[in-house]
Amino acid sequence: MTRIRAAITGIQGWVPPYILTNKELEAMVDTSDEWIMSRTGIKERHILKGEGLGTSDMAAEAVKALLEKTGTNPDEIGMVICATVTPDMIFPATANIVCDKTGIKNAFGFDMNAACSGLLYALVTASKYVETGTVKKAIVIGADKMSSITDYTSRETCVLFGDAAGAILLEPTTEEVGIMDSIMHSDGSGRFYLHMKAGGSVKPPSYETIDAKEHFVYQEGQPVFKFAVTKMADVAAEIMARNNLKSEDVSYLVPHQANLRIIDATARRMGVGTEQVMINIERYGNTTGGTIPLCLWEWENKLKKGDNIILAAFGGGFTWGSIWLKWAY
Ligand code: UT7
């Protein structure tokens, strides 16, 4: 029997127009362009401005452009997963709101909360529905309005994050392309180092939680850095080894963009050169669910059918993982 794989058949990114530069941040907190560039590799990030706008608005822009560029009728979409840690609301799912804003009426959808690894988790989940023939066309979104949970008086975190959305179209194929293998991990004991303290069922919002600034990202940078460097490099090396992929077989590494130093360490471990790594952290910062689709979108014109691509991510949870895919067009 011919094996059906799930292939990426379209990719689209969207970033809001407003650009927050390191220079502007220097006026807001005690930081410097030199510190931010040398420790993170970030020069600027895009921020969604405007009353009443949320993650679904960015995601809807990406999805509408994706449908248009791939000539896909919204009625054909059977599934939408939105990877996000900044949903429009705790419920309903942002995926449902995006469907409403883009005219997708025949899909079921839900959100995926796996922080910076969310896009990979969502891609693997959707691929199973496509591989089994349950869904013919799936959309996987990675979108976050990180500015909505960032404390712009905290120099430890406010320099790191940006807002963005990316959307991926997945379809079945019988060719030797598409998602070839994946390895996903999580370890909830890492939650203490990277989380949002209030707003959930343990600590519902109150005047006290707002006064204590507990509705923002809390991160202990160094422990997260140590885990991220090790786990992201380990999992990328593991997926190469178990598929007998040598560094020269890999066309591109697409790493989650949290810190240029973590990206460099992962690339070194895989033995791939800088020209084989998609890096755009300088212009967008860490956009959580958005980083990997933003990279694929920006590199789309350079990709060739059959290119071996390794996606790798690490994030809050802790969650981490890697996907090996062969580009399909
Ligand atoms: O997205 C998925 C998960 N997240 C990550 O993968 C992020 C992992 N962590 C990191 O990328 C890094 O730990 C950070 C970029 C967050 C921080 O870099 P670091 O080299 O680990 O810095 P640090 O936290 O050890 O801080 C070093 C110093 C401290 O000052 P003292 O105590 O040495 O005097 C900080 O207060 O740098 C200070 N500092 C800053 N200085 C200027 C922290 N943030 C800033 C800042 N500007 N923005």
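Both counts, for ligands and for their atoms, begin at 1 and track the order of listing. Values reported hereafter were calculated over all heavy atoms of this structure, with side chains retained and with hydrogens, waters and symmetry mates removed.
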Tell me the protein heavy atom at minimum distance from [atom], and give that distance in Å.
{"atom": "atom 25 (O) of ligand 1", "value": "Q222 NE2, 2.5 Å"}
{"atom": "atom 18 (O) of ligand 1", "value": "R261 NH2, 3.7 Å"}
{"atom": "atom 9 (N) of ligand 1", "value": "G221 O, 3.1 Å"}
{"atom": "atom 47 (N) of ligand 1", "value": "T31 OG1, 2.7 Å"}

Any atoms of ligand 1 less than 4.0 Å from a non-hydrogen atom of [X]? List them with their elements.
{"X": "E156", "answer": "36 (O), 44 (N)"}
{"X": "V224", "answer": "3 (C), 4 (N), 5 (C), 6 (O), 8 (C)"}
{"X": "F314", "answer": "2 (C)"}
{"X": "T40", "answer": "15 (C)"}

*Do the side chain of D181 and the main chain of N243 share a donor and acceptor less than 3.5 angstrom apart?*
no

*Should K43 and E282 count as an ion pair when the cut-off is N to O under 4.0 Å?*
no

*Is the closest protein non-hydrogen atom to atom 34 (O) of ligand 1 under 4.0 Å?*
no

*Determine if the distance from atom 29 (C) of ligand 1 to the closest protein heavy atom is below 4.0 Å.*
no

*For N286, is at least one N or O under 3.5 Å away from an N or O on ligand 1?*
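Yes; at least one N/O pair falls below 3.5 Å.
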
_Aromatic centroids of Y18 and H46 separated by under 6.0 Å_ = no

*With a 6.0 Å cut-off on ring centres, are F318 and W320 close enough?*
no

*Does even one non-hydrogen atom of T288 get within less than 4.0 Å of ligand 1?*
no

*Which is it for Y129 and F108 under the ring-ring contact (aromatic ring centres under 6.0 Å, His included) test, yes or no, and what are the steps along the way?*
CA-CA 12 Å; Y129 284 86; F108 75 107; 5.5 Å; yes

*side-chain hydrogen bond (donor to acceptor under 3.5 Å, both in side chains) evaluation trace for K213 with H215*: CA-CA 6 Å; K213 299 187 170 184; H215 296 272; over 6 Å; no

*Establish, for the pair K197 and Y218, whether the NZ or CZ atom is under 6.0 angstrom from the six-membered ring centre and no further than 45 degrees off its axis.*
yes

Could you work out, for [atom], the closest of [options] by heavy-atom distance?
{"atom": "atom 16 (C) of ligand 1", "options": "R39, Q219, R155, H256", "result": "Q219"}
{"atom": "atom 17 (C) of ligand 1", "options": "W320, F225, Y193, W35", "result": "W35"}
{"atom": "atom 6 (O) of ligand 1", "options": "N259, V159, I262", "result": "I262"}

*So which of D144, T150, L48, T55 actually passes side chain to side chain contact (heavy atoms under 4.5 Å, CB included) with D163?*
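With D163 as partner, side chain to side chain contact (heavy atoms under 4.5 Å, CB included) holds for just one option, L48.
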
_Please work out, at 4.0 Å between heavy atoms, whether the side chain, the backbone, both, or neither of L194 comes within that distance of ligand 1._
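Side chain only.
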
*Should L25 and C158 be marked as a side chain to side chain contact (heavy atoms under 4.5 Å, CB included) after you check the CA-CA gap, both sets of side-chain angles, and the distance that decides it?*
CA-CA 8 Å; L25 282 166; C158 76; 3.9 Å; yes

